[in-house]
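Side-chain atoms are counted along with the backbone in the values below, which use heavy atoms only and exclude waters and symmetry mates. Numbered from 1 within each chain, the chains take letters A, B, ... in sequence-line order.
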There are 2 protein chains.
Amino acid sequence: MALEPLSSREKILDVSEALFARRGFAGVGLREVADAAGLRKSSLFHHFRSKTQLYYEVLGRVLGRIQLHVAPVFESRRAALQRLDQLVDALVDALAEDPTAARLLLRALFEEDRFPAEPGAEAEECERRLAEILQGIRCLLREGVEAGAFHRVSVAHTIQTLIGAIVFHFASGEFGESLLGRPVLSAEAVSRRKQELKNLLHRGIAAAPA
Amino acid sequence: MALEPLSSREKILDVSEALFARRGFAGVGLREVADAAGLRKSSLFHHFRSKTQLYYEVLGRVLGRIQLHVAPVFESRRAALQRLDQLVDALVDALAEDPTAARLLLRALFEEDRFPAEPGAEAEECERRLAEILQGIRCLLREGVEAGAFHRVSVAHTIQTLIGAIVFHFASGEFGESLLGRPVLSAEAVSRRKQELKNLLHRGIAAAPA
DNA sequence: GTCTATACTACGATAGAC
DNA sequence: GTCTATCGTAGTATAGAC
């Protein structure tokens, strides 16, 4: 699939995603986006109302891909600890498959009053997708705690720890690479990350040793 | 101390720190810095060569404060697990005392090819300070593993997890607040964070229960 | 040490030809 | 759907009066 040439719209989204991930909303100029997409600046406005709308479409696309990965976990009927393992695998896979996703997501989670608030449907869509993902994680953890499968951890703090440990790691680029001695997105580093996280969680939050 | 009015230089550093933390390097204009400092734009250049140098001086100051907090931990002769607790307390205290530190630090850790590379002594000073902090953490973890006090975790991955779990949490602002139901920098949230982290680490990486 | 004034570039966005 | 041309603003940085 996708052998046919990309539409301009898709091309713009692709190059914007890479640029926004690297430099953030304010750090990217539409001139740069246009150059990378092989268009003129003004042509961008035929496809997107504004830079802000472009940003939210990019972010929404990334969140949608992450949803695709985690949705099966939230529908799973297995035991809490196994679902937590599935969640780690799904999140890591989602971020490892798309090199820009982690950075974009990290920015979305900790940056605020980002830019001229232009409400729009795209921003709300992002909020909705993010809220759905969080709600799934929250339920999973709460059920584990209430079933006695997990220690009585704070669900909110555990979510923060998971996000920090997963999203930051894969967003850390050169820094992470210099720590690990290999690119964070290399196959060995990705599978090692999963294992380290699952080990930590099994010992750290599972009430009974797995 | 510090009852006398701030020098212009200090005032600029203070307001820049707040602005860079919130919006990042590219998101802040010198006009905004000047207004907040009560000066004209061009006066900033009397104190700092360039925007880039200003940024690195701000970052260096933040890293220096963090070093002050963690230095005693690295000199401590106590057992590895106790030193890990000390480290968590020190990092959390450092980030909780300065509301802008976590965001500035998180940006420094995951953003790259930030802006026109202007080497300068200030950027090197930042690199040096960061490397010293990391080296201290690395030694602490390695000693714990080698002494058998910790499980055989990957030191590099554990550092990533610690950074993610601590720095991201305190950088998460409104997002974290909406999860926790209270500001991440509120006294209860800060002490709860320490406790949750130490619980996780005691169960998750300490080889023998404390 | 702060100011006014200015140079030059880039920004996001629009109008209208093709 | 892409282009050229342009608008108005703001960006970093410098020169030189006070």
Atom-pair distance ([atom1] on [X]; [atom2] on [N]), nearest Å:
X	N	atom1	atom2	result
A:His47	C:dA13	NE2	C1'	16 Å
B:His46	D:dA15	NE2	P	15 Å
A:Leu30	D:dA10	CG	P	17 Å
A:Arg40	C:dA15	CZ	C1'	17 Å
A:Lys41	C:dA13	NZ	P	10 Å
B:Phe48	C:dG1	CZ	P	12 Å
B:Asp35	D:dA10	CG	C1'	12 Å
B:Leu44	D:dT12	CG	P	9 Å

For C:dG1, does either OP1 or OP2 sit under 4.0 Å from a side-chain N or O belonging to B:Ser8? no
Using OP1 and OP2 only, check whether a side-chain N or O of B:Ser43 sits under 4.0 Å from C:dG1.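 Indeed not, no polar side-chain atom of B:Ser43 lies that close.
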If only side-chain N and O atoms count, and only distance matters, is there a donor-acceptor pair under 3.5 Å linking A:Asp85 with A:His202? yes
Touch check for B:Val28, heavy atoms < 4.0 angstrom, all strands: base, sugar-phosphate only, or nothing?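 The residue B:Val28 makes sugar-phosphate contact but no base contact.
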Base, sugar-phosphate, or nothing: which does B:Ser42 touch, judged by heavy atoms less than 4.0 Å apart? base
Counting distance only, does the side-chain N/O of B:Arg129 pair as donor-acceptor with the main-chain N or O of B:Gln67 below 3.5 Å?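 Such a contact is absent between B:Arg129 side chain and B:Gln67 backbone.
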Of the options D:dT12, C:dG12, C:dC3, whose atoms approach the side-chain atoms of A:Lys51 most closely?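 The nucleotide sitting nearest to the side chain is C:dG12.
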Closest to the B:Phe45 side chain, choosing from C:dT2, D:dA13, C:dA13: D:dA13
Run the salt-bridge test on B:Lys41 and B:Asp35 with the 4.0 Å N-O cut-off and return the result as yes or no. no
Please determine if B:Arg83 and B:Glu143 form a salt bridge, counting it only when a charged side-chain N lies under 4.0 Å from a carboxylate O.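 Yes.
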Do the ring planes of A:Phe20 and A:Tyr55 sit parallel (below 30°), tilted (30 to 60°) or perpendicular (above 60°)?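 If you compare the ring of A:Phe20 with that of A:Tyr55, the planes turn out perpendicular.
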